[in-house]
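Sending over a structure as structure tokens; questions will come in a sec.
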Amino acid sequence: MKSKGSAYINTIGCQMNVYDSEKLALILNSNGYRQTSDMDQADIVVCNTCSIRHKAEEKAFSFLGRFARIKKKNPHLVIVMAGCVAQQEGKKAFKRVPHLDIVLGTQAFSRFGRHIAAVKAGRQKIVDIEDSQKIYETMPDTSEFDFDRLKENKISRFVTIMQGCENFCTYCVVPYVRGKERSRKPESIIKEISLLAESGIKEINLLGQNVNSYGQQEGDTSFAQLLFQVSKIQGIQRIRFATSHPKDLSMELIHAIKDLDKVCNHLHLPVQSGSDKILGKMNRGYSRQTYIKRILDLRKQCPGIGISTDIIVGFPSETRDDFSDTMDLLREIKFDSIFAFAYSDRSSAPASKFSHQVEEKEKADRLNNLLELQEHYTKEKNLSLIGKTLEILVEGKSAKKHNGFEKNRKNLEQMTGRSECNKIVHFPSEHATVGDLIKIKIKNAYPHSLWGYPAGVLN
Ligand code: SAM
Ligand code: SF4
């Protein structure tokens with residue numbers, strides 16, 4: 001197709017948004033617009049937004065706000081707000097960003113090409129926040145254009161396997177901006193991953209808000225069975241997935257992690273709080289004890305498994321004692337890593353109406369204390385790996401040079417990759433190339449990475 005111009009996409013938020021932006025790029029490409037990394041030269045600017053926390057939402061408005069002046073100079077520039085903030089705000093988005101052309105909700109992506117053509121033909125201010133049954137089935141699979149992009153040194157890709165969420169955790173906007181939980185058909189997922197494997201992708205990260213309930217709304221394939229099917233695809237060497245909900249973590253899934261070689265020995269299992277009172281108010285559907293039991297089951301079946309989690313501090317009515325329960329949970333479980341957030345009030349989520357909101361300063365203090373405690377365990381976990389040999393999927397050249405790196409040895413590159421447990425590992429190598437699986441003996445551990453030598457080369 002003849003090029004009609006170029007498009008710049010700014011992605012804010014989670015891995016699912018990264019996947020959605022890749023789909024937006026494919027749609028734009030099939031409509032004649034190639035992707036550019038130069039926003040000043042673009043004919044179309046898209047901001048794929050996130051509304052999970054106030055800060056992310058503000059980031060979207062501030063990015064789009066910058067184009068007011070540019071749009072005045074160049075009225076043909078098409079400006080698009082896509083994703084969660086678009087879905088949440090609808091036509092209200094024009095109040096804060098009057099120069100917007102299209103507000104494209106989370107379920108409207110398949111109609112994006114049509115909306116671009118309408119704006120180019122003179123239509124103004126399009127809002128599409130309609131519900132759609134099967135958003136991912138109607139988005140394009142990978143294409144030749146995508147194949148070219150994939151060659152740009154990528155070995156790992158996200159593939160979204162389900163949309164929406166119906167868990168209604170009281171702090172969370174996802175059920176309101178991403179709609180009902182619906183699973184993609186296994187055939188559609190397998191076809192997409194097979195195409196990615198053909199193009200050289202080695203690692204697949206399956207995405208959903210609650211992958212453990214995959215297939216429960218329709219069909220007869222469970223998530224563990226889907227993992228089995230994906231693991232049979234030739235060329236795919238590693239499978240990761242996120243996010244698992246503790247209330248739906250089945251023994252079937254634990255056995256899939258244990259038995260399927262390609263499924264990485266790592267699980268991201270968000271706990272959110274260590275206090276039963278707060279877990280109840282969050283509507284999480286499990287107790288602290290149930291969560292601990294799941295972790296014990298996991299560690300028994302899958303020794304050495306890496307476990308990470310999400311935690312929210314300062315949820316309404318969280319007392320210092322409740323927060324201490326969370327700190328104690330960290331001491332008890334010793335996670336490999338955590339993602340911690342100060343509670344952010346979202347007006348569409350029920351918790352915004354809860355009494356006893358925690359002061360911002362108190363939230364910030366709790367967040368710092370939590371991160372400080374976790375740093376100790378992350379370091380401890382990393383130190384325990386010294387002397388072990390880990391299998392690493394090589395991702396590329398390392399940006400940071402290690403102190404002990406032998407500068408004088410010719411032909412040695414410092415490379416980087418990840419272990420199955422999701423640890424970043426740097427190592428020197430003469431021959432390793434992107435996509436190789438290579439055994440590395442760990443020599444040093446740092447707060448956020450490990451360092452070692454190819455096993456069998458040096459001891
Ligand atoms: N579906 C996943 C689950 O159940 O854990 C997580 C989805 S959410 C996109 C990612 C993380 O953002 C959550 O695990 C939670 O810790 C955090 N989060 C969600 N809403 C939040 C809020 N209102 N304030 C602070 N953090 C929030
Ligand atoms: Fe949000 Fe809860 Fe659904 Fe996760 S499970 S997306 S936190 S409502």
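Sequential numbering from 1 along the given sequence is applied to the chain's residues. Atoms within a ligand are numbered from 1 in the order they appear, just like the ligands themselves.
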Worksheet item: Is Y171 touching ligand 1 with its side chain, its backbone, both, or neither, if touching means heavy atoms under 4.0 Å apart?
Response: both
Fill in: Nearest protein heavy atom with distance in Å, relative to atom 6 (S) of ligand 2
Q209 OE1, 3.4 Å
Response to the item:
Closest to atom 7 (S) of ligand 2 among protein heavy atoms sits Y171 OH, 3.3 Å
Discussion item. I'd like to check which ligand 2 atoms, numbered from 1 as shown, lie under 4.0 Å from a non-hydrogen atom of R284.
Written reply: 2 (Fe), 7 (S)
Response to the item:
heavy-atom search around atom 15 (C) of ligand 1 in the protein gives Q272 OE1, 3.5 Å
Fill in: F341 six-ring centre to R53 NZ/CZ under 6.0 Å and within 45° of normal
yes
Worksheet, complete the sentence: Nearest non-hydrogen protein atom to atom 12 (O) of ligand 1, with distance, is R53 NH1, 3.2 Å
Worksheet item: For atom 7 (C) of ligand 1, which protein heavy atom lies nearest, and how many Å away is it?
Response: Q209 OE1, 3.2 Å
Worksheet entry | Per-residue contact class, R284 against ligand 1 - non-hydrogen pairs under 4.0 Å | side chain
Item to complete: For ligand 1, note which part of A342 has a heavy atom under 4.0 Å away: side chain, backbone, both or neither.
Response: backbone
Worksheet item: What residue and heavy atom of the protein are closest to atom 5 (S) of ligand 2, and at what distance?
Response: N167 ND2, 3.4 Å
Discussion item. Atom 2 (Fe) of ligand 2 and C169: any N/O/S contact shorter than 2.8 Å?
Written reply: yes
Worksheet item: Among all protein non-hydrogen atoms, which one is nearest to atom 3 (Fe) of ligand 2, and what is the separation to 0.1 Å?
Response: C165 SG, 2.2 Å
Worksheet entry | Minimum-distance protein heavy atom relative to atom 1 (Fe) of ligand 2 | C172 SG, 2.3 Å
Worksheet item: Considering only the protein, which heavy-atom contact is closest to atom 8 (S) of ligand 1, and what is its distance?
Response: I52 CD1, 3.7 Å
Worksheet item: Going by the atom numbers of ligand 1, which of them fall below 4.0 Å from some non-hydrogen atom of R346?
Response: 23 (N)
Item to complete: Heavy-atom contacts with P270 under 4.0 Å: which atoms of ligand 1 show up? List them by number with element.
Response: 5 (O)
